[in-house]
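So the structure is just underneath, and the comments pick up after that.
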Amino acid sequence: MKDEIPLLRLKGVTKDFAGTVVLEDVSFDLHKGEILGLVGENGAGKTTLMSILFGMPVIAETGGYGGSIQIEGQEVHFTSPFDAIDAGIGMVHQEFSLIPGFTTTENIMLNREITKNNVMVDIFGPRLSVLDRVSMNNRAQAAIKRLGVDIDTKMKVSEMPVGHKQFTEIAREIDRDNVRLLVFDEPTAVLTESEADILLKAIKELAASGIAVIFISHRLHEIMDICDRVVTLRDGKTIRDVPVSETNVSDIAASMVGRTVTAEHLKKHAEMNAAETEVLPDDYILDVNHLWVDMPGETVRDVSFKVRRGEIFGIGGLAGQGKLGIPNGIMGLFASGGTVLFNGKEMPLNNPDAMLRAGIASVSEDRRGVGLLLDESLDWNISFSAMQVKGQYLKPYLGGLFKLRDEKAMRRNAEAYIKILEIKCTGADQKAKELSGGNQQKVCLAKAFSLEPDLLFVSEPTRGIDVGAKAIVLETLRLYNRSKKTTIVMVSSELEELRSVCDRVAIVSGGKIAGVLPPREDPSKFALLMSGITDVPGVEPATGKQKEAD
């Protein structure tokens, strides 16, 4: 039976930024050992609410918040994350906060290092003590084992696949001695299906040991699988707080967006658009042969495939098998080799500028590290690449002697994309870092669209995006492909997402293209390709004709 006094109680929490209300009278309780699912569209207020709970400095810097937070009946006011950590609250953020040059153990034990004495300590004092690496390694291994995964504790984070980084983040939080509440913000977004299953099982076991969990996810089936209750935020308000046993995925989705959004709707829309898109079978805009890429955590050994002009070509596969390395290698973000033909012309690899000027653009999976100028305004972010590459949004002065930014044109461009992509913001002058993760992703898309490329690589376009925003993004990609005749290569960990909008889907396994399938092919064939089996009836090889079905 749950305690009468909850571990956590939020009462009437309110927050505004420069007069714009982002949270209004949010209230809910959380008991020991309970898993609470927190859902809502991007911009609904989830991140701001968790920032308040975790004492993030941006809250105090922008005037604080209203309402109260109680821990076991006592009101608390956290002024920094250290206050929250001392109170036993841990948070696994959507964006990694690991030190790339440190090992797994060093990241898990950061600020909690174990030291041992030596002769110098006896003479000069404790400042000359050294790290007890054996004890630190044993403790890190214990935390990792608790999650049910196998990670090399001596591997540097910069060399890890993305899934291992996520588990390292989580291991760091559960290693703390006094942890009693854990917040998980989209923890499975970067994990494969098998890794996600392992993590969900570990979260259940953590809850069984008495740790309370706030689980934020746009994967609503995960909410149904592991949560006891689900709280929905919409437009900064608590819309719904119900036991999971009394709801279902469709009801949760409808409560988030205020309308019914289903996978079937997306599928029908994609079919309608596909029927209106003419793709010539032998007109190839991109021809990749024997591509290799030296990208940490990604295996790209010998990739060959062709993309038809005007199609949406999907690339899927398990984490670390090479799908993300392909666009990063072609765009010159990591060392690569092989041959890439674009419009029949061989392109110089390891040269990002040449790719952009040829008419190839890219939306990175790392929106914060690569995609955005976080401290700049949205109009600057959206127009920046087009300004650099094509000289757009610049006004000539003194007969073209010099050029300055055309602020009005930049604003008009940004406002147009804010409307098209339904970016939730206060205006074109708002800084990119102030947006939610999903809205930041939309800004990255707008930035690429502004270049008006002939070929667009889009990696993980809906990672961390809610069900309503996902529909908007996928629909926009298809409509952009149709109206602008832009060829799109879409890389995603979500197979159903690829199947809903792509004309063909390639599966990467072991650093090679295992095969290419039409989107409506039997799902079992996709699974076989992902497992490394290439001799599958009806599968089109990467650069050849489709096989005869048995």
Side-chain angles (χ1 to χ4, degrees), residues 1-11 13 26-39 46 49-50 52-55 68-78 81-93 108-112 114 138-149 151 166-188 191 195-217 219 222-231 241-246:
M1 183 178 292
K2 294 173 181 175
D3 301 330
E4 290 185 7
I5 300 177
L7 172 65
L8 172 69
R9 170 165 287 171
L10 303 182
K11 295 180 63 176
V13 175
V26 174
S27 304
F28 61 79
D29 293 348
L30 178 63
H31 291 78
K32 293 179 181 178
E34 186 177 27
I35 304 177
L36 183 143
L38 184 62
V39 301
K46 304 186 302 296
L49 184 62
M50 293 304 100
I52 292 172
L53 176 61
F54 203 56
S68 69
I69 298 175
Q70 297 178 6
I71 301 292
E72 293 188 328
Q74 299 297 313
E75 188 165 349
V76 295
H77 293 277
F78 300 143
F82 295 108
D83 293 339
I85 290 170
D86 289 342
I89 300 175
M91 182 174 289
V92 179
H93 297 274
I108 292 173
M109 300 299 299
L110 188 65
N111 294 325
R112 299 191 309 281
I114 302 171
N138 290 340
R139 185 159 168 173
Q141 283 182 330
I144 292 168
K145 184 177 180 181
R146 197 172 174 187
L147 294 174
V149 293
I151 300 176
Q166 184 69 294
F167 280 113
T168 300
E169 286 261 11
I170 297 167
R172 181 179 61 193
E173 296 305 319
I174 67 174
D175 176 69
R176 303 185 194 279
D177 293 326
N178 66 333
V179 64
R180 49 182 175 169
L181 168 60
L182 284 174
V183 179
F184 292 90
D185 189 359
E186 299 290 349
T188 62
L191 302 181
E195 289 173 334
D197 289 342
I198 292 171
L199 176 58
L200 297 179
K201 180 181 178 182
I203 290 175
K204 286 183 179 180
E205 292 176 353
L206 290 171
S209 71
I211 295 174
V213 173
I214 296 177
F215 185 77
I216 301 172
S217 180
R219 296 182 175 182
E222 295 177 351
I223 297 288
M224 295 297 300
D225 286 346
I226 72 166
C227 294
D228 300 299
R229 287 172 34 242
V230 56
V231 170
D241 183 348
V242 296
V244 164
S245 59
E246 297 177 11

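Bear in mind that the values here come from a model prediction, so they are computed numbers and not experimental data. Reckoned from all heavy atoms, side chains included, excluding hydrogens, waters and symmetry mates.
Note that the CD1 atom of I89 and the CZ atom of F78 stand 4.0 Å from one another [nearest 0.5 Å]. The structure places CD1 of I211 at 5.5 Å from CG of L182, a figure rounded to the nearest 0.5 Å. We find the NZ-CD1 distance between K145 and I151 to be 14.5 Å, quoted to the nearest 0.5 Å. Going from atom CD1 of I170 over to atom CE of M91 covers 13.5 Å, rounded to the nearest 0.5 Å. In this structure, the separation between CD1 on I216 and CG on D185 is 4.5 Å, given to the nearest 0.5 Å. Separating the CG atom in N111 from the CZ atom in R176 is a distance of 8.0 Å, to the nearest 0.5 Å.
Of the possible polar contacts, one joining the N178 side chain to the D86 backbone as a donor-acceptor pair under 3.5 Å is found. In this structure, the side chain of R112 engages the main chain of I108 through a donor-acceptor pair within 3.5 Å. Proximity of a side-chain donor or acceptor of R146 to a complementary backbone N or O of E205 within less than 3.5 Å is not detected. A donor-acceptor pair is defined here as one N or O able to donate and one able to accept, closer than 3.5 Å; such a pair exists between the side chain of R139 and the backbone of D175. A donor-acceptor contact shorter than 3.5 Å links the side chain of E34 to the backbone of H31. In this structure a side-chain-to-backbone donor-acceptor pair under 3.5 Å is missing from E72 to L8. The backbone N or O of I35 lies less than 3.5 Å from a partner atom in the side chain of D228, making a donor-acceptor pair. A side-chain donor-acceptor contact under 3.5 Å links R219 to the backbone of T188.
The nearest pair of heavy atoms linking A143 to A171 is CB-O, 3.7 Å. Of all heavy-atom pairs between A212 and L7, the closest is CB-CD2, 3.5 Å.
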Verify side-chain contact (heavy atoms from CB on, under 4.5 Å) between V230 and F215, making sure each step is shown before the conclusion. CA-CA 9 Å; V230 56; F215 185 77; over 6 Å; no
Go through I214 and L53 one step at a time and tell me if the side-chain contact (heavy atoms from CB on, under 4.5 Å) criterion holds. CA-CA 11 Å; I214 296 177; L53 176 61; 4.0 Å; yes
Test side-chain contact (heavy atoms from CB on, under 4.5 Å) on V213 and L36; report intermediate values, then the result. CA-CA 6 Å; V213 173; L36 183 143; over 6 Å; no
Kindly determine whether E246 and R229 satisfy salt bridge (charged side-chain N to carboxylate O under 4.0 Å, His left out), including the steps that lead there. CA-CA 9 Å; E246 297 177 11; R229 287 172 34 242; over 6 Å; no
Step by step, work out the side-chain contact (heavy atoms from CB on, under 4.5 Å) result for M50 and L38. CA-CA 10 Å; M50 293 304 100; L38 184 62; 3.9 Å; yes
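Under a cut-off of 6.0 angstrom, the local environment of CD in E75 is crowded, with over 12 non-hydrogen atoms contributed by other residues, nucleotides or ligands.
The side-chain heavy atoms of V39 and I223, taken from C-beta on, include a pair separated by under 4.5 Å. You'll find the side chain of V179 stays beyond 4.5 Å of the side chain of E173, heavy atoms only.
With V92 as the partner, the side chain to side chain contact (heavy atoms under 4.5 Å, CB included) test is satisfied by one option alone out of R172, E186, E169: E169.
Between the side chains of E222 and S217, a donor-acceptor pair is found at a separation under 3.5 Å.
Taking the six-membered ring where tryptophan is involved, the planes of F54 and H93 are perpendicular, since the angle between them exceeds 60° and thus also 30°.
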